[in-house]
Amino acid sequence: MTLRRIERQHALIEQLRWQRGVPKSALALAQALEVTARTVERDIARMRASGIPIRVQRGPGGGYLLDVRSKLDPISLEPDEVAALIVALVALGPTATDSARTSMNKLTRALLPSV
């Protein structure tokens, strides 16, 4: 997977997350990301196939929705799982977005030894 695709897919998830329950068309997403609608459709198909909960709403006013809660319950990760997420953020760019930056800070703090 190319770095450009990783960055674009992260931006796509952020666009969908900001919509909070309002469907966004492939064309609107494409314009926001400065790509074609077909590129958005391919990215969404890949992400859905990997398990990301993106819902498709058909018909007029339809589009794509990120089907997730606005608040998450605490999760427990093993150190190797945290390391895997850090590697993924490094590939994206740990400061590419506010959410990437805050995630990186939380993950690296979680690996620090307790005092």
Side-chain angles (χ1 to χ4, degrees):
M1 184 179 291
T2 67
L3 183 56
R4 175 70 182 127
R5 186 186 313 161
I6 293 168
E7 291 169 339
R8 186 179 64 240
Q9 288 178 353
H10 178 68
L12 181 56
I13 288 172
E14 289 293 295
Q15 285 286 321
L16 293 172
R17 192 177 60 79
W18 292 331
Q19 291 307 113
R20 301 221 184 222
V22 177
K24 198 157 187 182
S25 71
L27 183 58
L29 290 165
Q31 289 170 343
L33 300 175
E34 299 179 351
V35 296
T36 66
R38 180 67 187 127
T39 297
V40 167
E41 291 164 354
R42 280 193 303 265
D43 283 346
I44 286 177
R46 280 187 198 100
M47 290 189 292
R48 290 183 76 206
S50 71
I52 296 173
I54 298 173
R55 191 166 35 111
V56 180
Q57 187 170 324
R58 308 247 181 245
Y64 299 103
L65 298 157
L66 187 59
D67 200 12
V68 295
R69 296 181 269 170
S70 59
K71 278 282 204 195
L72 301 178
D73 295 331
I75 58 173
S76 180
L77 299 171
E78 297 297 321
D80 58 331
E81 294 167 325
V82 171
L85 292 172
I86 288 172
V87 169
L89 280 168
V90 168
L92 170 66
T95 59
T97 63
D98 287 342
S99 58
R101 188 184 79 264
T102 58
S103 297
M104 181 62 104
N105 289 339
K106 289 176 182 179
L107 291 168
T108 54
R109 276 197 315 266
L111 287 178
L112 295 175
S114 299
V115 178

Identify every side-chain donor-acceptor pair in residues 23-39 under 3.5 Å, counting partners at least two apart or on other chains, and give the distances.
unit_1	atom_1	unit_2	atom_2	d
Lys24	NZ	Gln15	OE1	2.8
Ser25	OG	Ala28	N	3.0
Thr36	OG1	Thr39	N	3.1
Thr36	OG1	Thr39	OG1	2.9
Thr39	OG1	Arg42	NH2	3.3

Nearest 0.5 Å, please: how far is CD1 in Ile6 from NE2 in His10?
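It comes to 11.5 Å.
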
One should read off an interatomic distance between Arg46 CZ and Glu41 CD, to the nearest 0.5 angstrom, of 12.0 Å

**Item:** Linked, directly or transitively: Ile52 and Leu12 (ILVMFWY side chains, under 4.5 Å)
**Value:**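 Both belong to a single hydrophobic cluster.
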
| message | Enumerate the side-chain hydrogen bond (donor to acceptor under 3.5 Å, both in side chains) contacts for residues 78-88, please, sequence neighbours excluded, ordered by first and then second residue. | response |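 Listed by first then second residue: nothing to list.
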
Give the minimum heavy-atom separation between [X] and [Y], together with the two atoms involved.
X      : Y      : answer
Asn105 : Thr108 : O-OG1, 3.2 Å
Arg58  : Val56  : NH1-CG1, 3.3 Å
Leu16  : Ile54  : CD1-CD1, 4.0 Å

- Could I get the full list of side-chain hydrogen bond (donor to acceptor under 3.5 Å, both in side chains) partners for Arg101, not counting sequence neighbours?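 Per chain and number, Arg101 pairs via side-chain hydrogen bond (donor to acceptor under 3.5 Å, both in side chains) with Asp98.
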
Check whether any side-chain heavy atom of Met104 sits under 4.5 Å from a side-chain heavy atom of Val90, and report yes or no.
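Counting from C-beta outward, Met104 and Val90 do come under 4.5 Å.
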
Sequence neighbours excluded, the answer for side-chain contact (heavy atoms from CB on, under 4.5 Å) partners of Leu85 is Leu77, Leu107

With sequence neighbours left out, the residues meeting side-chain contact (heavy atoms from CB on, under 4.5 Å) with Pro53 are Asp67, Val68

Handout entry: Sequence-distant partners of Arg48, salt bridge (Lys or Arg N to Asp or Glu O under 4.0 Å), two or more places apart
Key =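 Listed in chain order: nothing, the list is empty.
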
